[in-house]
Amino acid sequence: MSMFKVGLIYSVLLVVFGAARGFLGGGDAFRRKVSVELNPGLVPPLSLPPGVGLVHLRGLGENDTLHFVLCNAGAPALLLVHSNSTRSAVTIDWPEFINSSSAGSLRVEPESSVTYSSALVFTRLWEYDDVNNTADPQKAAESSFYPPYELQNFIWSELNTTVNQSDHTVALCGGEKTQSFSNGSLCLQVSVFESEGRDEAWPSLLHNANSSQLSVWINGVTPRGNNSRFVLEFQSVGDTEFQSRVDVRSSIDDEYTPSIFKVLEWVSSPVNSSSVWGFSQWKPVAYRKARPVFEDATACRHSELVSVSRMPPSAVIQAYFTHHTQIHALNISFGLAEDPVFYNNTKYISWTVLMGLGDPPSDSFSPLIIIIITVGLVTPLVFIILGGVFVCVRKRTSQSTGYEPIN
Amino acid sequence: MADREEHQNLLDEDKDEDGDDKGRSVHLNPLCDPNHLLHRIVVLIFMCFLGFGSYFCYDNPAALQSQVIQDMNLNTASFMQLYAWYSWPNVVLCFLGGFLLDRVFGIRLGTVIFSLFVLVGQIIFAAGALANHFWLMNVGRFVFGIGGESLAVAQNTYAVNWFKGKELNLVFGLQLSMARLGSTVNMNVIGWVYARIQMTMGSAGPTTLGITLMIAASTCLFSLICALVLGFLDKRAERILNKEQGKTGEVIKLTDVKDFSVSLWLIFIICVAYYVAIFPFIGLGQVFFIEKFGFTPVQARAINSVVYIISAPASPLLGFLVDKTGRNVMWVLLAVITTLLSHMMLAFTFWNPWIAMSLLGVSYSLLACALWPMVAFVVPEHQLGTAYGFMQSIQNLGLAVMSIAAGSILDVRGYLFLEVFFIACLCMALLAVVLLYLFDYYKEGGLNLSAATRSKRAKPEDVQRLHAPRQSVGDRDHLKPLSPFGVRNRYLSRLGVQMPGHCCPHLSSLAYRSLLK
């Protein structure tokens with residue numbers, strides 16, 4: 001019984017604490033001023049190949065700057081660099097960068113102000129024939145895997161038409177010049193934010209000014225088999241002083257992603273400390289339609305982190321990371337075991353990941369829930385207290401007239 | 001006729017050992033002798049299985065939730081329509097059930113007709129799945145609903161007709177247990193049946209679902225056979241013993257609604273707000289346990305059925321407790337608070353859900369035992385039929401509407417929000433209980449009296465009843481209203497409470513069906 005009481009007090013405190021956090025917004029209620037520029041410093045006659053571009057998204061804070069660089073020369077990659085100076089800038093040696101993307105052709109200056117840098121690279125899209133309907137690529141036979149699509153070989157659409165200055169988003173769409181991509185494409189959308197908020201579209205991940213959101217979706221790509229399922233491979237590049245791990249957190253709040261109670265976080269923290277410096281956060285859900293409803297959700301599963309020795313085939317990674325780096329790869333596979341619905345059904349899969357600096361944001365209750373619970377619990381309580389007073393008063397007044405005169 | 005005879009038998013027990021009635025059946029085999037215990041046990045067996053099919057098939061959707069949603073390509077709101085359509089006909093039938101059984105069909109034909117509705121409804125439901133037409137499945141549930149609730153009334157009336165006095169408590173207890181057994185067996189078995197069919201067929205799909213539901217319909221066929229056998233045995237007993245067909249004894253007058261007191265309306269609010277937080281939750285519970293707590297489908301179904309498993313033994317025990325102590329409003333308050341705690345545990349923590357669900361089962365049984373008798377305390381006897389009918393009617397209306405609302409909430413906002421919605425409903429019920437206590441205290445209505453005080457107040461009426469001269473018995477005698485004491489005893493004996501010998505309830509089916517809800 002006492003454990004019960006403890007648990008009850010804990011739950012009440014949790015609700016109150018959640019309320020406080022919900023209203024006060026936690027510790028990340030700061031803003032950044034975001035600006036987006038395409039191919040900064042690139043002047044003709046130098047030019048990039050068609051469809052290839054580099055977008056620099058800069059979030060200027062009060063005393064620091066967060067740089068995001070998205071580039072699809074090679075495999076599409078998003079580079080995050082944090083500098084503790086408000087005057088830092090991204091400098092690109094374009095001739096070097098275009099010709100050979102030699103190390104050092106992309107720099108953030110002043111280099112001494114850089115505190116943390118990491119990158120996310122999308123390298124391959126695998127497809128396998130899920131004959132046993134297990135939705136687990138680890139259990140699928142080697143032979144059931146089709147040759148992967150290498151994202152470094154994709155042809156992309158022009159970037160300047162997809163840069164949105166007001167929303168601070170960039171979208172990339174492309175595909176191979178093969179039959180499969182004749183009617184479809186793989187798209188990547190990067191958004192950087194000025195302050196805390198949440199997207200309307202599912203999975204409505206909570207973002208803050210220190211994070212950027214990447215959505216990946218495959219639309220209309222012709223599968224090579226009837227039971228095809230897709231696996232996305234991406235790699236994370238970081239400094240050697242950091243170690244990576246993937247945490248699975250349970251969350252009681254599934255308001256924004258109905259029936260998903262887990263959050264997955266790929267965090268990097270310094271070797272001798274447990275504080276988190278950088279993260280990638282996602283929910284184990286993928287959607288099978290562009291505007292999904294509840295039943296369009298499908299599960300997604302991640303594989304173990306694998307250490308990779310070779311640099312990913314991306315120009316911006318090779319250009320920026322001059323020193324030793326550690327690279328880890330992760331596979332995200334889409335699909336639910338025993339699900340009769342495969343990719344073929346809707347020919348659409350979308351998945352969203354949040355990448356950023358510092359601690360990953362954690363969900364809190366929406367104000368509506370807090371209001372409902374508070375009103376719901378307080379109203380009867382008020383009546384109980386008032387009623388108790390009323391009953392006591394009544395008892396007392398009836399007692400005082402309890403004795404009646406005998407004659 | 002039956003009334004006087006029963007009255008006579010109980011009072012003149014010591015003189016009537018070899019009365020005329022018993023003399024005629026002396027030459028019959030004990031198994032075939034309607035008066036003999038052995039034969040009545042045979043009848044009891046058929047009576048218990050009469051309702052089994054309907055309870056087995058009522059929760060088929062809940063036990064097969066993911067399969068139904070996947071095979072028929074539904075969202076949760078559409079899935080919950082299967083429950084809503086079951087409740088819609090009962091909004092009206094609660095008033096008509098007794099009337100149909102007494103005046104229109106008679107108990108025997110009525111039972112067979114309602115069993116037939118149950119069977120046909122389940123077959124249409126299964127056919128809808130086989131043909132992959134969801135609208136047909138809804139029609140099937142509608143037809144099933146027409147038969148389901150009224151069948152409980154009929155089952156109860158049979159019990160009254162065949163058993164008397166202390167036996168009746170046992171019979172009602174058994175019937176309640178069979179009902180719960182049906183629900184529990186369904187929860188735990190039908191998933192296995194589906195899996196076997198899927199293995200033989202090779203894939204899941206509407207056909208697999210349809211075949212599973214057809215197999216479930218065989219329990220309804222079994223119930224129909226029981227109804228036919230019961231009808232035959234009852235007719236035979238009537239012929240041998242020369243007694244009338246049983247009657248439900250209900251009188252419904254809708255104009256009585258305007259006379260309902262504030263206390264009664266508060267009781268209605270408690271009833272609707274509370275059950276809305278239980279039945280839609282069980283309907284949607286399986287996937288909740290799979291997703292949030294990581295249970296396997298088999299475990300999730302088992303835990304979903306815990307509420308029913310617990311209420312089978314708990315209801316008679318708690319009924320006994322409430323009867324001994326009185327203070328119904330306090331018990332209702334305790335039940336609502338415990339359910340509230342249980343939902344908060346499920347919503348806001350990851351604690352083992354077995355704890356929360358067991359708590360839910362106990363509090364659900366407690367509320368049923370404490371809430372429904374209160375109606376008898378606040379309503380004059382002649383309006384009791386209307387009051388109970390109205391209560392069940394709005395309960396079904398609330399369930400029909402809220403089932404769909406729950407499904408929609410889940411689709412858009414997820415399980416946490418759904419649980420918060422249930423918590424809000426329970427808070428409303430809690431508020432209504434508090435207001436009921438205060439209002440009753442102010443008006444000195446006596447709802448919260450202890451059992452001792454209440455029996456002291458009721459004694460004069462009771463004595464008067466026992467020594468009443470035997471009036472001429474006409475057809476309308478079974479319609480004569482009873483004192484509140486009598487009605488309460490009538491109800492309590494259904495809970496399996498041991499009644500002292502001098503309380504001779506003329507039992508009707510009024511409050512019994514409420515127990516099964």
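Just so it is clear: chains get the letters A, B, ... in the order the sequence lines come, proteins before strands, and each one is counted from 1.
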Output, in order, the C-alpha distance, side-chain angles, deciding distance and verdict of side-chain contact (heavy atoms from CB on, under 4.5 Å) for A:Ile369 and B:Leu416. CA-CA 9 Å; A:Ile369 284 193; B:Leu416 181 70; 3.6 Å; yes

Please classify the contact between [X] and chain B as side chain, backbone, both or neither, with a heavy-atom cut-off of under 4.5 Å.
| X | value |
| --- | --- |
| A:Val293 | neither |
| A:Phe390 | side chain |
| A:Glu295 | side chain |
| A:Leu381 | neither |
| A:Ile372 | side chain |

From [X] atom [atom1] to [Y] atom [atom2], the distance as rounded to the nearest 0.5 Å:
| X | Y | atom1 | atom2 | value |
| --- | --- | --- | --- | --- |
| A:Leu336 | B:Gln70 | CG | CD | 7.5 Å |
| A:Ile384 | B:Leu431 | CD1 | CG | 9.0 Å |
| A:Ser259 | B:Leu418 | OG | CG | 12.0 Å |
| B:Phe417 | A:Phe365 | CZ | CZ | 12.5 Å |
| B:Met428 | A:Thr379 | CE | OG1 | 11.0 Å |
| A:Asp254 | B:Leu410 | CG | CG | 8.0 Å |

At under 4.5 Å between heavy atoms, what parts of residues 434-441 of chain B are in contact with chain A? List them by residue number.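 The residues closer than 4.5 Å to chain A, in numerical order, are B:Val434, B:Leu435, B:Tyr437, B:Leu438, B:Tyr441.
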
Counting only non-hydrogen atoms closer than 4.5 Å, does [X] touch chain A with its backbone (N, CA, C, O), its side chain (CB onward), both, or neither?
| X | result |
| --- | --- |
| B:Val287 | neither |
| B:Ala432 | neither |
| B:Leu340 | side chain |

Please indicate whether [X] has more than 12 foreign heavy atoms, meaning atoms of other residues, nucleotides or ligands, lying under 6.0 Å from its [atom1].
| X | atom1 | result |
| --- | --- | --- |
| A:Gln138 | CD | yes |
| A:Asp247 | CG | yes |
| A:Arg198 | CZ | yes |

Tell me, with the steps shown, if B:Ile69 and A:Phe294 meet side-chain contact (heavy atoms from CB on, under 4.5 Å). CA-CA 11 Å; B:Ile69 290 184; A:Phe294 186 60; 6.0 Å; no

For side-chain contact (heavy atoms from CB on, under 4.5 Å), just list the numbers for B:Met344 and A:Leu377, CA-CA rounded to whole Å, side-chain angles, deciding distance to a tenth of an Å, and then say yes or no. CA-CA 11 Å; B:Met344 288 183 80; A:Leu377 289 178; 3.9 Å; yes

Give the minimum heavy-atom separation between [X] and [Y], together with the two atoms involved.
| X | Y | value |
| --- | --- | --- |
| A:Pro380 | B:Cys427 | CG-O, 3.7 Å |
| B:Phe350 | A:Ser251 | CZ-O, 3.6 Å |
| B:Arg413 | A:Pro258 | C-CG, 4.1 Å |
| A:Trp202 | B:Asp411 | CH2-O, 3.7 Å |

Between B:Leu74, B:Asn73, B:Thr76, which has the largest tally of heavy atom pairs under 4.5 Å with chain A?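 Heavy-atom pairs under 4.5 Å are most numerous for B:Leu74.
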
If you count heavy-atom pairs within less than 4.5 Å of chain B, which of A:Val341, A:Thr257, A:Leu368 leads?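 Among A:Val341, A:Thr257, A:Leu368, the one with the most close pairs to chain B is A:Leu368.
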
